[in-house]
Amino acid sequence: MTSAYPNLRLRRTRASAWSRALHRETLLTPADLIWPLFVTDGSGVEEPVASLPGVSRWSVDGIVARAKEAVALGIPCIALFPHTQPGRRSDDGAEALNPDNLMCRATKAIKDACGSDIGVLTDVALDPYTSHGQDGLLDDSGYVVNDDTVAVLVDQALNQANAGADVIAPSDMMDGRVRAIRMALEMNAHPNVQIMAYSAKYASAFYGPFRDAVGSGGLLKGDKKSYQMDPANADEAMREIALDLAEGADSVMVKPGLAYLDVIWRAKQRFEVPVFAYQVSGEYALIEAGAAAGVADRDALLMEKLLAFKRAGCSGVLTYHAAHAARLLNG
Ligand code: PBG
């Protein structure tokens, strides 16, 4: 502080719009957004997700249309999640390794249509493919086993990279998976495929609508607390992030978003690497519910929250509001 009242009046620079624009410290643009999309079977299909008002599952043709829309809006990357038919789910999630699964077909179709105009980020974890809804393989007691799961995740990641995925995003929280995936990518001629690690992923109450969207909500028994993090812990998040960076992650993610801004801030200050936030399904649904209940204007609510991620140090945000936010930002 260089001065004191009345020589210093901080309201001076806030007094008019031109001056507020000039002094704005944080900028949110469409290039900060990653748009998560849900893929389903068929063609010409759009299935609204009841718990995510305004979000639909799209068949591959619709996903390609969304990808083109993203390019036109200036959104640099989309994230894909499959709604796997119940008949294709199994205890071991083998559909994740099918080179012709929904994720691979959608990835190829987007890359054919848009090339390098957009990045395709694919999620690595088994929950959209398992009959039990857990992210990995279970032993007889129902515990999610680590090392055998990692072996399958490596094959899943290679399957996605072979289909043309630009960014592999392991969301499973197994120990050691980033190193294993990085080595496999190196050995299989994918040196430029990025890894965005879901490093600090918490066992959260905010994931419910997502589980509806991918069809694992009704299947999941119990919780994911033996692998996802305890919301009480932030030091542990720094250890997770340090490990994933050492293992070969290009960028790291904190998930959910707004309730974990302290973790985002600490990660950015400490590691000086690209940090992304996932504003998850429950956060989206709460904005929509709040707006519907008349708590506040929806657009103002969502833009304030997205800006907060940038201010906390994020390079970008995964948000189901990406297309809408980009339209608002593009005026
Ligand atoms: C699963 C996965 C989840 C999300 C992304 N990948 C859910 C979970 O861990 O149960 C949540 C995304 C959201 O809620 O929007 N590996």
Side-chain angles (χ1 to χ4, degrees), residues 33-39 49-57 77-84 89 93 95-96 102-103 121-138 144 146 149-150 152-153 156-157 160 165 167-174 177-178 181 195-231 240 252-260 276-289 302 305-306 309 317-322:
L33 304 174
I34 299 176
W35 191 10
L37 293 165
F38 298 106
V39 197
V49 180
S51 53
L52 284 174
V55 173
S56 295
R57 305 181 192 110
C77 186
I78 58 179
L80 298 178
F81 299 94
H83 179 268
T84 306
R89 284 178 175 262
E95 177 65 7
L102 270 179
M103 290 288 283
L121 179 152
T122 54
D123 198 83
V124 167
L126 297 182
D127 54 307
Y129 313 93
T130 53
S131 41
H132 45 72
Q134 293 286 0
D135 292 26
L137 305 175
L138 307 183
V144 176
N146 194 87
T149 296
V150 169
V152 181
L153 298 176
Q156 179 184 22
Q160 294 172 349
V167 186
I168 300 292
S171 72
D172 52 281
M173 289 300 280
M174 299 299 114
R177 89 279 208 218
V178 171
I181 292 170
I195 298 177
M196 182 187 291
Y198 286 72
S199 299
K201 176 171 178 180
Y202 289 88
S204 171
F206 288 94
Y207 303 150
F210 172 94
R211 292 177 188 166
D212 294 341
V214 299
S216 56
L219 304 173
L220 185 66
K221 290 180 213 67
D223 55 45
K224 299 189 177 183
K225 289 180 183 170
S226 79
Y227 45 106
Q228 297 179 352
M229 283 185 55
D230 182 341
E240 284 283 5
V252 297
M253 196 200 295
V254 175
K255 176 186 175 188
L258 206 74
Y260 299 86
F276 291 83
Y278 198 145
Q279 184 188 52
V280 298
S281 57
E283 298 182 76
Y284 173 95
L286 284 172
I287 292 173
E288 292 297 318
L302 75 93
K305 291 187 182 213
L306 291 177
F309 292 115
V317 189
L318 290 91
T319 173
Y320 300 95
H321 277 125

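Just so you know, ligand 1 is whichever comes first in the structure, and atom 1 is the first atom listed for that ligand.
- Of the protein's non-hydrogen atoms, the one nearest atom 14 (O) of ligand 1 is Ser281 OG, 2.7 Å.
- Within ligand 1, counting atoms from 1 as listed, the ones closer than 4.0 Å to a heavy atom of Gln228 are 8 (C), 9 (O).
- Ligand-side atoms of ligand 1 in range of Tyr320: 12 (C), 13 (C), 15 (O), range being under 4.0 angstrom from any heavy atom.
- Between His321 and Glu288, the side chains place a donor N or O and an acceptor N or O closer than 3.5 Å (distance only, hydrogens not considered).
- Annotation for Ala197 and Val178: closest pair CB-CG2, 4.0 Å, computed over non-hydrogen atoms.
- Partners of Arg177 by salt bridge (Lys or Arg N to Asp or Glu O under 4.0 Å), not counting sequence neighbours, listed by chain and number: Asp172, Asp244.
- Regarding atom 2 (C) of ligand 1, its nearest protein heavy-atom neighbour is Lys201 NZ, 3.2 Å.
- By heavy-atom distance, the residue among Arg211, Lys255, Glu283 lying nearest atom 3 (C) of ligand 1 is Lys255.
- Tyr227 does not carry Lys224 over the face of its six-membered ring by the limits of under 6.0 Å from the centre and within 45° of the normal.
- In this structure, atom 1 (C) of ligand 1 lies nearest to the protein heavy atom Asp127 OD2, 2.9 Å.
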- Message: For Leu318 and Gln279: C-alpha separation, side-chain torsions, deciding distance, then whether side-chain contact (heavy atoms from CB on, under 4.5 Å) applies.
- Response: CA-CA 6 Å; Leu318 290 91; Gln279 184 188 52; over 6 Å; no
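- Contact annotation: for Tyr284 versus ligand 1, there are no heavy atoms closer than 4.0 Å.
- Using a distance-only test at 3.5 Å, with no hydrogens or angles considered, a donor-acceptor pair links the side chain of Gln134 to the main chain of Asp223.
- Qualifying side-chain hydrogen bond (donor to acceptor under 3.5 Å, both in side chains) partners for Tyr284, counting only residues two or more places apart in sequence or in other chains: none.
- Only side-chain heavy atoms of Asp135 come within less than 4.0 Å of ligand 1; its backbone N, CA, C and O stay farther off.
- Considering only non-hydrogen protein atoms, atom 16 (N) of ligand 1 sits nearest to Ser171 OG, 2.7 Å.
- Interface of Tyr278 with ligand 1, defined as ligand atoms under 4.0 Å from a residue heavy atom, comprises 12 (C), 15 (O).
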- Stepwise ring-ring contact (aromatic ring centres under 6.0 Å, His included) test for Phe309 and Phe276: CA-CA 8 Å; Phe309 292 115; Phe276 291 83; over 10 Å; no
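- With a 4.0 Å heavy-atom cut-off, ligand 1 is reached by the side chain of Ala125 but not by its N, CA, C or O.
- With Phe81 as reference, Phe210 is the one residue of Phe210, Tyr129, Trp35 to meet the ring-ring contact (aromatic ring centres under 6.0 Å, His included) rule.
- Distances between N or O atoms of Tyr198 and those of ligand 1 include no value under 3.5 Å.
- When the heavy atoms of Tyr227, Phe38, Phe210 are ranked by distance to atom 12 (C) of ligand 1, first place goes to Phe210.
- The nearest heavy-atom contact from the protein to atom 8 (C) of ligand 1 is Lys224 NZ, 3.3 Å.
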